[in-house]
Amino acid sequence: RTVTPAWILAQFKHSSFRHQEPTLDQCWTGLAHPSQKRKAAPDTRNKGGGWIQKSRNLHEFAPVTVVKASSVDNPMILRIHQAKKKRIQSQQSSSSGGDSVGVVKNPPLCNRGRNEGISNMLKQLSNLHLECPLGTMDHWRAYHYGLMAGRVKQLDFEIVDERVLPRLQHIQGFGDSIRNKIKEYLQTGTCQKIKELERDPYRKAVQSMIKIWSIGPIKGKELVELGYRTIRDVRKGLSRGELDGLSANAKIGIDCYEDFEERMSRSEVSQIGDIVIRTCRQVLPGAEATIMGSYRRGLPNCGDIDVLILHPDFVETTPKGALGRLIRMLHQSGHMLHDLTSVDGMTAGGNGTELQSESDDSVFHSRSSEIEGQGETSMGLQKYGHYHGSSSYMGVFASPTDAGKRRRIDIKIYPYQERAFASMYFTGNGDFNRSMRLWSSKARGMTLNDHGLFPNGTDFANGKESVDKLKGASLPAATEEDIFELLGLEYRAPSERDSFDAIVEKSTSQPVAIVELDKGEIHHEMKHIWID
DNA sequence: CGGCAATACTG
DNA sequence: CAGTAT
DNA sequence: GCCG
């Protein structure tokens with residue numbers, strides 16, 4: 001049933017399910033429970049001049065989050081469990097946990113914002129390594145810095161001075177290097193490593209090359225070796241004909257360099273979405289098209305537009321040529337400027353890809369052998385063939401709101417039966433997807449992708465050949481909730497899918513404690529919570 | 001010292 | 001297949 | 001960079 005705030009308060013009062021002391025079978029994570037992220041710490045801190053200073057024992061800095069350490073095969077829980085054991089051994093203490101007042105399932109929205117400074121520092125380090133992976137290992141450095149940038153924000157305490165460093169030691173992912181950088185940050189307010197990386201002219205040059213869409217670390221380095229340091233250099237080189245070897249996509253990337261750096265407002269995204277969706281319905285009546293990505297996650301601005309297309313009549317297949325037809329129509333109306341991938345029959349983002357010809361179908365007929373009966377009328381129901389699989393398109397869209405600005409757009413179409421998996425994937429974010437897939441594989445022995453969820457051992461590994469088997473072998477899910485359920489994870493609304501740590505095992509009847517929230521807060525946070 | 005998600009598209 | 005992308 |  002749906003739980004009202006009043007009901008929850010009543011439960012708290014009557015303590016019908018009370019917070020229990022964590023036993024060894026349980027653990028806390030060192031991470032704040034999502035529900036306490038915003039509220040708890042500021043409160044506690046403000047009382048009596050900072051509890052971090054007051055309390056030395058570890059039970060006090062992570063007072064609540066009681067998560068059952070159930071499945072032992074869950075690596076994340078396992079690690080955390082491990083960490084706790086370690087801690088328990090080294091440090092014994094008596095009481096704690098007085099603040100928890102009740103339990104809910106399916107905890108509410110994550111609120112971030114703690115340890116901003118440190119998080120930003122780690123994020124910077126991540127980016128500096130990510131954008132310029134000079135050594136082969138840098139990629140994973142960046143990965144880990146990124147994860148930790150997310151994790152510090154979820155800590156249930158503020159890192160205000162060095163005394164918390166030993167506590168950090170017990171939290172998964174904070175090793176010597178990162179703790180030292182945090183220490184440095186606490187002492188000096190900066191990080192020499194960042195300065196150093198930012199100073200390095202080579203790295204800086206490669207960074208600016210890498211920001212060109214379709215230029216990665218390898219080509220970026222090549223360009224720098226050739227003497228190009230800035231986007232201006234590259235443009236100059238291009239105009240001199242020195243860089244003819246670059247791909248068509250790279251040329252688009254160079255042309256749109258500044259535009260692609262920019263983020264757009266939600267309103268612009270929704271307007272672009274409207275255009276695409278309306279056109280889509282013309283081309284494919286009955287289609288369900290939705291804006292996904294960061295827009296769906298509710299971010300205030302977005303780096304690109306992601307549109308997912310489904311059609312209930314195409315359950316195991318996709319309408320052959322529909323995506324191409326949509327793209328072509330968008331080209332004709334002047335909205336779509338460039339293709340970065342080819343679609344169905346259309347040519348790739350190559351040279352003459354623009355408006356090809358007048359005859360609506362010439363492109364399709366000439367390119368795609370597969371078209372069966374193309375119903376002709378531009379707005380009637382088309383008869384589409386069945387393409388077995390999904391397809392995805394990347395392109396460049398003309399901003400309807402900001403004249404001259406060009407926006408990255410991705411459009412994907414999937415068989416209807418894959419809709420839950422496709423929308424999960426396409427909603428992201430990236431870290432969340434990786435976390436979820438890691439969980440699937442390590443904790444559940446299954447492989448999760450945008451087509452389905454497959455018990456390992458299923459014969460899906462050999463690429464395109466087995467797409468069919470792959471589909472057939474997937475556990476069925478009609479909704480995203482189903483997927484969380486299948487994986488034994490707490491449901492997360494799109495807006496909550498914002499980090500690697502946003503994944504929590506579904507407590508099997510094991511309550512999750514929350515800290516005191518005032519009524520307004522509870523009302524605000526919980527009025528939509530579903531409790532089974 | 002191996003693993004860190006899993007896949008699509010291009011040339 | 002490597003590189004870039006999601 | 002960190003973990004097992």
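In what follows, chains carry the letters A, B, and so on, assigned in the order in which the sequence lines appear, proteins first and then strands, with residues in each chain numbered from 1. What you see is a predicted model, and the numbers here were worked out from it, not measured in a lab.
Of the candidates dC3(D), dC2(D), dT4(C), dC2(D) carries the atom nearest the His144(A) side chain, counting heavy atoms from C-beta on. In the set dT6(C), dT4(C), dA6(B), dA6(B) carries the atom at the smallest distance from any side-chain atom of Ser441(A). When each of dT4(C), dC3(D), dA5(B) is scored by its nearest atom to the side-chain atoms of Arg434(A), the top-ranked nucleotide is dA5(B). Closest to the Lys219(A) side chain, of the nucleotides dT10(B), dT6(C), dT4(C), is dT4(C). You'll find that the side chain of Asp306(A) is closest to dT6(C), out of dT7(B), dT6(C), dC2(D). Listed candidates were dA8(B), dT4(C), dT7(B). Nearest to the side chain of Ser392(A) is dA8(B). Residue Thr447(A) has its side chain nearest to dA6(B) when only dC2(D), dA6(B), dC9(B) are considered. Nearest nucleotide to the side chain of Arg408(A), out of dC2(D), dA5(C), dT4(C): dA5(C).
The side chain of Trp213(A) places an N or O atom within less than 4.0 Å of a non-bridging phosphate oxygen (OP1 or OP2) of dT6(C). Contact check, His139(A) against dC4(B): no side-chain N or O comes under 4.0 Å of OP1 or OP2. When the side-chain nitrogen and oxygen atoms of Arg437(A) are compared with OP1 and OP2 of dA5(B), none of them lie within a distance under 4.0 Å. Look at Tyr393(A) and you won't find any side-chain N or O under 4.0 angstrom from OP1 or OP2 of dT6(C). One finds a side-chain N or O of Lys442(A) lying less than 4.0 angstrom from the OP1 or OP2 phosphate oxygen of dC4(B). A sub-4.0 Å separation between OP1 or OP2 of dT10(B) and a side-chain N or O of Ser342(A) is present.
Using a 4.0 Å heavy-atom cutoff across all strands shown, Lys412(A) reaches no nucleic acid atom at all. Counting non-hydrogen atoms under 4.0 angstrom, Leu147(A) reaches nothing in the nucleic acid. Counting non-hydrogen atoms under 4.0 angstrom, Asn433(A) reaches nothing in the nucleic acid. Residue Arg179(A) is classed as having no contact, given no heavy-atom separation below 4.0 Å to the nucleic acid. Heavy atoms of Met436(A) sit nowhere under 4.0 angstrom from any nucleic acid atom.
Below the 3.5 angstrom threshold, one finds no donor paired with an acceptor across the side chain of Tyr425(A) and the base of dT7(B).
When rounded to the nearest whole Å, the span between CG of Leu453(A) and C1' of dT7(B) equals 15 Å. The CD1 atom of Ile215(A) sits 19 Å away from the P atom of dA2(C) (whole-angstrom rounding). In this structure, Leu308(A) atom CG and dA8(B) atom P are separated by 15 Å, rounded to whole Å. Residue Phe174(A) contributes atom CZ, which lies 10 Å from atom P of dC3(D) at whole-angstrom precision. Nucleotide dC4(B) holds its C1' atom 14 Å from the CG atom of Asp501(A), rounded to whole Å. In this structure, Met424(A) atom CE and dT6(C) atom P are separated by 19 Å, rounded to whole Å. Whole-Å rounding puts the Ile413(A) CD1 to dC9(B) P distance at 13 Å. Residue Ile252(A) contributes atom CD1, which lies 14 Å from atom C1' of dC9(B) at whole-angstrom precision.
Note: His129(A) and Tyr145(A) have parallel aromatic rings, judged against thresholds of 30 and 60 degrees for the angle between ring planes. The aromatic rings of His451(A) and Tyr414(A) are tilted relative to each other, their planes meeting at an angle between 30° and 60°.
Between Arg203(A) and Asp138(A) there is a salt bridge, since a side-chain N of the basic residue sits under 4.0 Å from a carboxylate O of the acidic one. Look at Arg497(A) and Glu480(A) and you find a salt bridge, because one of the NZ, NE, NH1 or NH2 atoms lies within 4.0 Å of a carboxylate O, short of that distance. The pair Lys412(A)-Asp450(A) does not count as a salt bridge, with every side-chain nitrogen at least 4.0 angstrom from each carboxylate oxygen.
Ranked by how close their nearest DNA chain B nucleotide is to the 5' end, Met394(A) and Trp140(A) are led by Trp140(A). Place Tyr143(A) and Ser247(A) on DNA chain B by their nearest nucleotides, and Tyr143(A) ends up nearer the 5' end.
Taking the P atoms as reference points, dC3(D) lies 16 Å from dA5(B), given to the whole Å.
Under the rule for a side chain to side chain donor-acceptor pair (under 3.5 Å), the partners of Arg235(A) that lie at least two apart in sequence or sit in another chain are Glu258(A).
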Next item on the list: Just do the salt bridge (Lys or Arg N to Asp or Glu O under 4.0 Å) check on Arg444(A) and Glu505(A) with the steps written out, would you?
Entry: CA-CA 11 Å; Arg444(A) 291 291 180 262; Glu505(A) 181 175 18; 3.6 Å; yes
